[in-house]
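Here is the structure we will look at, set down as structure tokens.
This one's a predicted model, so the numbers in the text were calculated from it and none came from an experiment. Computed over heavy atoms, backbone and side chain alike; hydrogens, waters and symmetry mates excluded.
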Amino acid sequence: MLDARFIRENLELVESRLKSRGTGIELDGFRQLDTRRRELMQESESLKALRNKVSDEISKVKDKSLVQDRIAEMRDVSQKIKSLDDELRGIDEEFDTFLLTVPNIPHHSVHVGASEADNVEIRKWGEKPEFAFEPKPHWELGESLGILDFERGAKLTGARFTLYRGAGARLERALINFMLDLHTGTHGYQEILPPFIVNKESMTGTGQLPKFEDDLFRIDGLDYFLIPTAEVPVTNIHRGEILKGADLPICYTAYTPCFRKEAGSYGKDTRGLIRQHQFNKVELVKFTRPADSYSELDALLGNAEEVLRRLGLHYRVVELCTGDIGFSAAKTYDIEVWLPGQATYREISSCSNFEDFQARRAGIRFREDEKAKPEFVHTLNGSGLAVGRTLVALLENYQQEDGSVLIPAALQPYMGGMERVGK
RNA sequence: GGAGAGAUGGCCGAGUAGGUCGAAGGCGCUCGCCUGCUAAGCGAGUAUACUGGGAAACCGGUAUCGAGGGUUCGAAUCCCUCUCUCUCCGCCA
């Protein structure tokens with residue numbers, strides 16, 4: 001959420017920056033609501049001031065019969081206040097809804113562009129593996145090895161659900177543990193295991209609501225939702241809190257399953273594990289001082305990259321342009337891993353700085369020291385990494401001509417010493 | 001699922017025959033004084049949001065005693081709804 005005062009005082013700037021994302025802003029509507037809101041507020045509050053003053057005087061008079069006329073007068077004032085407040089409530093609601101549906105302003109360093117095609121490649125790590133044979137896509141490898149069962153996943157639930165079996169299930173679990181150990185050990189994050197179902201306030205705090213309800217699984221009859229990412233519960237840990245400056249940055253990592261409806265992606269990535277309604281992810285989340293958030297973003301990105309380096313998987317880092325960054329983000333880097341079975345790079349992590357956009361929605365502040373005014377923190381997060389897609393990358397990159405798959409050394413301790421998945 | 005208790009400021013904890021309560025007291029914290037250090041002692045201060053004025057320091061207004069409604073000239077205090085916490089019973093991984 002943007003600061004209403006900031007919008008009011010920087011109308012043109014806000015308009016042009018949002019335009020670069022491809023989203024407009026209804027400035028006239030905002031101006032009208034904002035003006036009317038403040039008019040009503042002033043009128044109502046000055047009447048309240050009068051009522052408070054007179055009520056105070058009435059309280060000092062013992063014989064109330066002497067002040068009957070004043071009481072009657074205040075009865076009318078109260079009626080007037082009530083009707084003003086009723087109107088104000090409506091305006092406030094519209095005003096809040098408006099603010100909650102305006103996306104974040106991109107950081108000035110973000111390249112202006114219309115779509116994915118305008119994203120900028122920042123760097124590459126490693127090399128594409130070479131094969132003396134035609135590399136297969138992971139769904140063929142997974143099925144022939146008996147570790148991924150797409151048919152039974154669909155039987156149990158429906159499309160975009162998969163059953164893992166044997167070494168496949170073990171490999172997924174190994175990746176989760178490997179990532180968590182790396183982030184908690186070497187990178188210094190604290191491990192969190194949050195609820196996988198959250199309420200409406202949490203979804204609003206990070207920006208999924210009110211605009212993107214169609215992407216969420218909702219619990220019937222309740223304002224509860226299955227989390228689409230650990231970002232939601234983990235960022236909302238500190239909703240409504242004032243943190244101590246000395247405690248910043250706060251760095252959390254969490255493994256959770258993620259649930260997404262994938263509305264509007266019919267026909268896309270229908271085969272394999274790439275796009276599932278339920279997938280596993282290890283997430284990294286930071287709360288930082290505003291001045292530190294961009295260096296912390298670089299560090300977070302590096303922490304996510306480290307997972308791929310240790311697994312020996314070739315990847316590139318892409319900086320998203322203004323037209324491609326998400327609703328809440330001010331700046332985003334995607335890490336894309338090489339998938340030889342499909343001869344393409346696929347997103348395996350997305351690392352963003354939300355600046356104070358989520359912090360303002362969720363009321364997450366800090367006080368630099370005892371005397372300082374509370375300020376909004378900056379929130380950041382990134383996948384570290386998407387586990388299912390990491391498994392995909394392992395299968396496709398480490399596949400052998402005989403259909404078996406080698407397990408990289410870093411992962412072997414988590415696989416009970418297993419060096420290869422074969423039939 | 002059944003029965004009961006409770007939710008007050010950073011923390012603890014007063015406050016229910018409605019008014020002088022943004023809220024006693026204590027702790028903590030900040031600043032100052034004092035004591036050769038520490039401790040103790042003394043004094044002052046110590047919420048947030050919105051809003052009006054001001055270049056600013058700051059000054060004024062409104063709201064906030066779990067949340068939302070209601071009664072009243074006036075509500076932390078009365079009424080209704082909801083949420084959460086705790087205790088006991090039942091059930092259960």
Side-chain angles (χ1 to χ4, degrees), chain A residues 1-10 30-100 193-205 209 218-219 221-225 233 236-248 250 257 356-377:
Chain A
M1 183 164 66
L2 303 180
D3 182 10
R5 218 171 332 177
F6 180 81
I7 300 178
R8 185 186 303 149
E9 288 161 10
N10 302 276
F30 172 80
R31 255 197 229 98
Q32 278 175 22
L33 277 176
D34 185 50
T35 307
R36 185 66 187 141
R37 188 177 85 96
R38 284 188 292 163
E39 280 170 4
L40 284 169
M41 224 184 248
Q42 282 163 40
E43 206 179 332
S44 163
E45 288 185 1
S46 62
L47 286 179
K48 282 175 187 166
L50 172 69
R51 184 179 66 186
N52 287 345
K53 187 163 145 275
V54 175
S55 290
D56 197 50
E57 287 165 13
I58 290 172
S59 74
K60 290 183 179 122
V61 178
K62 286 262 162 48
D63 183 354
K64 300 300 186 215
S65 66
L66 298 175
V67 289
Q68 278 312 309
D69 54 332
R70 306 241 71 190
I71 288 177
E73 217 176 293
M74 287 309 107
R75 202 181 342 250
D76 293 342
V77 168
S78 276
Q79 281 310 310
K80 179 71 178 161
I81 289 172
K82 204 162 285 182
S83 73
L84 287 171
D85 281 353
D86 282 344
E87 191 185 345
L88 183 59
R89 223 189 320 270
I91 298 278
D92 263 338
E93 212 166 293
E94 270 187 77
F95 191 70
D96 291 344
T97 304
F98 173 84
L99 286 178
L100 287 173
L193 185 62
F196 303 155
I197 296 175
V198 299
N199 59 28
K200 202 163 74 178
E201 288 69 32
S202 294
M203 285 295 185
T204 306
L209 291 179
R218 183 186 191 128
I219 307 294
L222 291 171
D223 276 335
Y224 286 177
F225 300 85
N236 278 281
I237 287 173
H238 295 299
R239 172 153 49 83
E241 296 183 9
I242 299 179
L243 306 167
K244 289 196 182 108
D247 293 339
L248 300 178
I250 294 173
D356 62 9
F357 187 84
Q358 294 180 327
R360 183 172 288 107
R361 290 176 158 245
I364 309 171
R365 293 175 294 172
F366 77 103
R367 220 190 280 273
E368 190 51 64
D369 58 67
E370 295 285 348
K371 289 185 176 173
K373 278 240 167 260
E375 283 182 73
F376 288 114
V377 298

Practice task
With a 3.5 angstrom cut-off on both distances, give the Watson-Crick or G-U wobble partner of B:U48, or none if there isn't one.
Solution key: B:A63
Handout entry: Of the listed nucleotides B:U62, B:U48, B:U51, the one nearest the side chain of A:K48
Key = B:U62
Practice task
Starting from P on B:U48, measure out to CZ on A:F376 and report it in whole angstrom.
Solution key: 13 Å
Problem - Assigned partner base of B:U35, Watson-Crick or wobble definition, under 3.5 Å - result: none
Problem - Atom-pair distance (CZ on A:R37; P on B:U62), nearest Å - result: 18 Å
Fill in the blank from the handout: When rounded to the nearest 0.5 Å, the distance separating CD of A:E241 from CD1 of A:I364 is 8.0 Å
Practice task
For A:R360, report the nucleic acid contact type (base, sugar-phosphate, nothing); a contact means any heavy atom under 4.0 Å.
Solution key: nothing
Problem - Sugar-phosphate only, base, or nothing, as touched by A:R75 at under 4.0 Å among non-hydrogen atoms - result: sugar-phosphate
Problem - For atom CG of A:L50 and atom C1' of B:G74, their distance in whole Å - result: 13 Å
Handout entry: Rounded P spacing from B:C79 to B:A5 in Å
Key = 14 Å
Handout entry: A:E201 side chain near A:D223 side chain, heavy-atom distance below 4.5 Å
Key = no
Problem - Check: A:L84 and A:L40 side chains under 4.5 Å, non-hydrogen atoms - result: yes
Exercise for the section: Could you tell me the separation between the CD atom of A:E375 and the C1' atom of B:U48, rounded to a whole number of Å? Expected result: 15 Å
Completion exercise
Any strand, both distances under 3.5 Å, Watson-Crick or G-U wobble: B:G74 pairs with none
Problem - Spacing of A:I58 atom CD1 and A:E73 atom CD [to the nearest 0.5 Å] - result: 9.0 Å
Practice task
Rounded off to whole Å, could you give me the CZ-to-P distance for the A:R51 and B:U71 pair?
Solution key: 12 Å
Problem - C1' atoms of B:G70 and B:G13, separation to the nearest Å - result: 30 Å
Exercise for the section: Decide if atom OH of A:Y224 counts as having more than 12 heavy atoms of other residues, nucleotides or ligands within a radius under 6.0 Å. Expected result: no
Problem - Between P of B:U20 and NZ of A:K53, the distance in whole Å - result: 17 Å
Practice task
Between B:C29 and B:C91, how far apart are the C1' atoms? Round to whole Å, please.
Solution key: 48 Å
Practice task
Would you mind pulling out the nucleotide paired to B:G22, Watson-Crick or G-U wobble, both distances under 3.5 Å?
Solution key: none
Exercise for the section: Scan A:N52 against the nucleic acid and name what it touches under 4.0 Å (heavy atoms): base, sugar-phosphate only, or nothing. Expected result: sugar-phosphate
Problem - Nucleotide B:A75, atom P - distance to CE of A:M74 in whole Å - result: 14 Å
Practice task
Could you let me know what B:G90 is paired to, Watson-Crick or G-U wobble, both distances under 3.5 Å, or none if it's on its own?
Solution key: none
Handout entry: side-chain contact (heavy atoms from CB on, under 4.5 Å), paired with A:F366, selected from A:E375, A:H238, A:K244
Key = A:E375
Handout entry: Sugar-phosphate only, base, or nothing, as touched by A:K64 at under 4.0 Å among non-hydrogen atoms
Key = base
Problem - Nucleotide paired to B:G6 in any strand shown, Watson-Crick or G-U, under 3.5 Å - result: B:C84
Problem - Whichever of A:R367 and A:R70 has its nearest RNA chain B nucleotide further upstream toward 5' - result: A:R367
Exercise for the section: Could you give the distance separating B:A14 and B:A67 at their C1' atoms, to the nearest angstrom? Expected result: 24 Å
Exercise for the section: Taking only the side-chain nitrogens and oxygens of A:Q42, find out if one of them lies under 4.0 Å from OP1 or OP2 of B:G52. Expected result: yes
Practice task
Please state the P separation for the pair B:U46 and B:U51 - nearest whole angstrom.
Solution key: 24 Å
Exercise for the section: Could you work out which one of B:G19, B:U51, B:G61 sits closest to the side chain of A:S55? Expected result: B:G19
Handout entry: Which nucleotide in B:G19, B:U48, B:G61 has an atom nearest any side-chain atom of A:K373
Key = B:U48
Fill in the blank from the handout: Closest to the 5' end of RNA chain B, once A:V54 and A:S46 are matched to their nearest nucleotides, is A:S46
Exercise for the section: Select base, sugar-phosphate, or nothing to describe what A:K82 touches, counting heavy atoms under 4.0 Å on all strands. Expected result: sugar-phosphate
Exercise for the section: Both distances under 3.5 Å, Watson-Crick or G-U wobble: report the partner of B:A40, or none. Expected result: none
Practice task
Hunt down the Watson-Crick or G-U wobble partner of B:C58, both distances under 3.5 Å, from any strand shown, or write none.
Solution key: B:G53
Exercise for the section: Please say which of A:R36, A:R38, A:R31 ends up in a salt bridge (Lys or Arg N to Asp or Glu O under 4.0 Å) with A:D34. Expected result: A:R38
Problem - Approximate separation, where rounding is to 0.5 Å, of A:D96 CG and A:T204 OG1 - result: 11.0 Å
Handout entry: C1' atoms of B:C42 and B:C34, separation to the nearest Å
Key = 8 Å
Exercise for the section: Would you kindly give the CD-to-P distance between A:E201 and B:G68, to the nearest whole Å? Expected result: 12 Å
Practice task
Would you indicate which nucleotide in B:G61, B:G74, B:C50 comes nearest to any side-chain atom of A:S78?
Solution key: B:G74
Exercise for the section: Compare the minimum distances between each of B:G61, B:C50, B:U48 and the side chain of A:R365, then state the nucleotide with the smallest one. Expected result: B:U48
